[in-house]
Structures are given as structure tokens and as C-alpha cells.
Amino acid sequence: MLSSSTGRRAAAAGGRAAAQHSTRHPPEPQILSKECHTMTVFSSPASASRTFELRDGLSITVDERGDAAAAGGSAILLLHGGGGMQSVAGLAAALSENSYVITPTHPGFDGRTRPHWFDGVTDLALAYLDLLDVLELREVLVIGNSLGGWIASDMALYDVSGRLSALVVMNAVGISTDGPAKITDVRTLPPTEVGRLAFHNPNLLPDPATLSDAQKATAAANQSALELYAGEPYMHDPKLRRRLHRVTLPVLVLWGEQDGVVPAEYGRVYADSFANAYFQPIINAGHMPHVEQPHLTLDAVEAFIADKLAEVTTG
């Protein structure tokens with residue numbers, strides 16, 4: 001498994017950013033989000049939140065888990081999709097048992113500020129590469145779900161400093177495909193239908209009646225941010241697929257087989273677009289396999305680390 005990383009040396013990175021604040025949080029007993037109402041999560045050490053000022057009014061807030069002091073320069077960067085950071089908090093908790101995990105909240109999500117010029121997936125990808133520079137991290141495994149998988153793919157294309165070691169993309173969006181393997185446009189669908197398409201297990205479907213006004217407002221704001229970053233053209237970059245062959249890092253493409261939003265065949269096309277990728281379906285899971293099948297997802301990620309990154313993590 002990837003080891004912890006220092007991750008706390010922000011001031012040493014040429015003065016380009018500084019930690020604004022640090023807040024300790026106890027482990028969460030459950031996750032609440034628009035995409036997943038509740039789920040059990042793994043126990044983990046307490047997390048810490050820090051906000052970094054990068055440039056031109058851009059700030060990034062990250063949730064840190066795991067033992068950063070046991071560093072070796074490696075880390076896991078975990079990128080969320082449209083449900084916000086809490087939709088991947090369970091996976092972050094599990095991974096942090098053996099790794100240093102950083103989970104940023106995309107600007108515009110969960111009440112975070114977003115400068116007016118910051119409005120695309122490439123902006124997100126470059127911001128997170130800047131963040132890795134600030135934290136002086138190398139050998140970084142990037143894991144992304146949905147929009148997060150698209151950001152991870154873009155990061156690999158722009159990683160001129162060689163900070164990334166591998167990617168895991170889970171039910172990602174971002175590429176255009178021919179034929180029936182297309183993303184379902186959910187913008188005009190009622191929430192109940194979106195939930196039915198996204199989840200295999202109906203017991204995990206969120207009940208809007210149980211959400212507070214604050215939760216509803218956050219969910220609506222998150223969807224507005226998602227639309228800003230990926231709305232037109234809808235959930236893809238027409239040129240991305242043709243560029244991914246340049247990514248030579250090991251890539252694991254994990255896919256919930258029952259995803260009605262982004263079908264499994266789309267995932268196979270995604271995997272084929274990379275130079276060095278492996279496609280692995282996750283049974284009985286929809287758009288968020290880490291939520292519906294957390295143990296299967298964690299096992300797949302850990303096996304990938306052991307098989308594909310052994311020379312990186314031991315050398």
C-alpha cells in the first residue's frame with residue numbers, strides 16, 4: 001500500500017501558498033450527500049482540514065487523513081464527483097489506514113468559494129497539480145469518481161513534473177464515444193429517476209423528504225458547480241479520448257456494472273483509450289461502486305497498488 005507523505009510543508013514551496021487554517025475532525029459514523037443518503041464507513045484516524053491559497057484568488061480546501069509524518073513522498077489524491085467531498089469520505093477513511101490521503105473539495109462545491117475565471121475541468125486538474133507542488137508530493141496515486149475521474153485523466157496529461165504514479169478512475173465521465181456507449185443526460189430527469197439510474201441498490205436511494213433545507217441547498221449548489229465545469233459539451237471533452245494514449249502511467253478503470261448514467265461499455269472504451277490500462281467491473285454497483293460495494297472497491301484498489309506499483313512503493 002502507498003505509504004504516508006509529509007504533506008505539511010506548504011511554506012517551503014517557494015512561498016506560492018500557505019495553509020490558512022487547520023481543523024481536527026473525529027471519524028464520521030456515516031456519510032450524508034446528495035448522491036448517497038447514508039452508508040457505513042470504515043473507522044479511521046481523525047482527519048484534518050486545511051485551506052491553501054494558490055493564486056489569483058483561488059483557494060483549495062483539503063481533508064487530510066492518515067499518517068503524513070511517516071512519509072516517503074507518496075500519497076493518494078482522492079477526487080469526488082457531483083455529490084461533493086462527503087461522497088468519497090468513506091473510501092478516504094478506508095484508504096487512510098495504510099496511506100496518507102488528501103481529499104480536496106472542488107471550488108464551488110459544499111460552499112467553497114470559486115474565482116470567476118475558474119470554470120473548467122482543466123482548471124481543476126492544473127490546480128491540483130499546483131497543490132501537489134505545494135505539498136512537495138511525488139508518487140501520487142490519483143483516484144477519481146465521475147467528474148473526479150475526468151480530472152484525474154486531465155492531470156495525467158499535464159503532469160510535466162512527474163508527480164503522479166498511477167490513476168484509478170471509477171465510473172468516470174470526460175470522453176466522447178461512438179455508438180450506444182454514451183452518458184445519459186440527467187439534467188431534465190426528476191431526482192427519483194436519476195437515483196434509480198445511479199444506484200443498483202434501491203435501499204441507498206436518497207429520500208428528499210429526509211433532507212434538511214441546508215442539505216437541499218448544498219446539493220443544488222453542487223449541481224450548479226458541476227454544470228459550470230462540465231455542462232457544455234455535456235460531461236465530456238471532445239478531444240480527451242484521442243489524447244489519453246499519451247498517458248503511460250498504470251491505470252485501473254473500475255466500473256459499477258449496473259450504472260445507468262455512464263454504462264459499463266463506456267468504461268471499456270475509456271480503458272482502451274489509455275496506453276496502459278486495465279478494466280475491472282464491480283458487480284451489484286451503479287455510478288458509485290465505492291458506496292455500494294466498498295469492500296470490493298477497496299480490494300481492487302489495493303490489489304492494483306500491489307501489482308502495478310510495487311516497484312514505485314518499494315524503490
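Fair warning: this is a prediction, and the values are worked out from it, not measured in the lab.
- Under the 4.5 Å side-chain heavy-atom criterion for Ile, Leu, Val, Met, Phe, Trp and Tyr, Leu228 and Leu147 are members of distinct hydrophobic clusters.
- Put simply, the residue from Ile60, Asp63, Leu135 that forms a side chain to side chain contact (heavy atoms under 4.5 Å, CB included) with Ile102 is Leu135.
- Side-chain atoms of Tyr278 and Val253, non-hydrogen and from C-beta on, never get closer than 4.5 Å to each other.
- Here CD of Glu227 is found 7.5 Å from OH of Tyr234. Values are rounded to the nearest 0.5 Å.
- Side chains of Thr51 and Ser59: no donor on one and acceptor on the other come within 3.5 Å.
- Between Val301 and Leu254, some side-chain heavy-atom pair lies under the 4.5 Å cut-off.
- Ile151 and Val160 are not part of a single hydrophobic cluster, where members link through side-chain heavy atoms under 4.5 Å apart.
- At distances below 3.5 Å, at least one donor-acceptor pair connects side-chain atoms of Asp123 with backbone N or O atoms of Gly120.
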**Request:** Show the numbers, then the answer: is there a side-chain contact (heavy atoms from CB on, under 4.5 Å) between Leu249 and Asn276?
**Result:** CA-CA 6 Å; Leu249 299 173; Asn276 183 22; over 6 Å; no
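- Within the 3.5 Å criterion, the main-chain N or O of Gly73 finds no donor-acceptor partner in the side chain of Glu139.
- Between Leu91 and His290 the shortest heavy-atom distance is CD2-CB, 4.1 Å.
- Atom CD in Gln293 sits 12.5 Å away from atom CG in Leu298 (nearest 0.5 Å).
- At least one side-chain heavy atom of Thr297 sits under 4.5 Å from a side-chain heavy atom of Met170.
- Formation of a donor-acceptor pair under 3.5 Å by the Arg138 side chain with backbone atoms of Ser161 is found in this model.
- The main-chain N or O of Ala285 is never found under 3.5 Å from a side-chain atom of Asp259 such that the two would form a donor-acceptor pair.
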**Message:** Apply side-chain contact (heavy atoms from CB on, under 4.5 Å) to residues Val121 and Leu240 and explain how you reach the verdict.
**Reply:** CA-CA 11 Å; Val121 169; Leu240 179 62; over 6 Å; no
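- The backbone N or O of Ala93 sits less than 3.5 Å from a side-chain atom of Ser96, completing a donor-acceptor pair.
- To the nearest 0.5 Å, atoms CG (Asp130) and CG (Leu54) are separated by 6.0 Å.
- For residues 121-178, the set of pairs meeting the ring pair (Phe, Tyr, Trp, His ring centres under 6.0 Å) definition, not counting sequence neighbours, comprises His106-Tyr128.
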**Asked** side-chain contact (heavy atoms from CB on, under 4.5 Å) between Phe109 and Gln223: does it pass, once the steps are laid out?
**Response** CA-CA 8 Å; Phe109 280 80; Gln223 291 308 296; 5.7 Å; no
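- Annotation: the span from Leu95 atom CG to Ile76 atom CD1 amounts to 4.5 Å, rounded to 0.5 Å.
- A 4.5 Å side-chain heavy-atom check between Leu58 and Pro107 finds at least one atom pair inside the cut-off.
- Using modelled atom types, one side-chain atom of Asn145 and one backbone atom of His287 make a donor-acceptor pair closer than 3.5 Å.
- Put simply, the side chain of Asp159 gets close to the backbone of Arg163: a donor and an acceptor are under 3.5 Å apart.
- Annotation for Gly84 and Asp110: closest pair CA-OD2, 3.8 Å, computed over non-hydrogen atoms.
- Leu189 CG: more than 12 foreign heavy atoms inside a 6.0 Å radius.
- Smallest separation of non-hydrogen atoms from Leu131 and Val62: CD2-CG1, 3.6 Å.
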**Request:** Could you walk me through whether Phe279 and Leu252 pass side-chain contact (heavy atoms from CB on, under 4.5 Å), step by step?
**Result:** CA-CA 6 Å; Phe279 179 83; Leu252 174 62; over 6 Å; no
**Message:** Between Arg187 and Asp185, is the salt bridge (charged side-chain N to carboxylate O under 4.0 Å, His left out) condition met? List the steps.
**Reply:** CA-CA 6 Å; Arg187 289 175 291 186; Asp185 189 341; 2.8 Å; yes
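- The shortest heavy-atom contact between Phe118 and Leu124 is CE2-CD2, 3.5 Å.
- The shortest side-chain heavy-atom distance between Leu141 and Ile143 falls under the 4.5 Å cut-off.
- Checked by atom type, the side-chain pair Asn171/Ser146 shows no donor-acceptor distance below 3.5 Å.
- Scanning both residues, Gln215 and Thr210, for their nearest heavy atoms gives OE1-O, 4.2 Å.
- The side-chain heavy atoms of Ser153 and Val247, taken from C-beta on, include no pair separated by under 4.5 Å.
- Atom CG of Leu137 and atom OG of Ser74 lie 8.5 Å apart (nearest 0.5 Å).
- Using cut-offs of 30° and 60° on the angle between ring planes, the pair Tyr266 and Tyr270 is perpendicular.
- A side chain to side chain contact (heavy atoms under 4.5 Å, CB included) with Met235 is found for exactly one of Ile175, Thr184, Ile183, namely Ile183.
- In this structure, Trp255 contributes its side chain and Val262 its backbone to a donor-acceptor pair below 3.5 Å.
- Summarising the geometry of Val169 relative to Ala152, their closest heavy-atom pair is CG1-CB, 4.4 Å, with the distance given to 0.1 Å.
- Rounded to the nearest 0.5 Å, atoms CD (Gln86) and OG1 (Thr103) are 9.5 Å apart.
- Between Thr61 and Pro104, the closest side-chain pair of non-hydrogen atoms is not below 4.5 Å.
- Side-chain N or O atoms of Glu292 include one that pairs as donor or acceptor with a backbone N or O of Asn201 at under 3.5 Å.
- With hydrogens and angles ignored, the 3.5 Å screen pairs no side-chain donor or acceptor of His200 with any backbone N or O of Glu257.
- Contact annotation: the side chain of His236 never approaches that of Thr177 to less than 4.5 Å [non-hydrogen atoms, C-beta and beyond].
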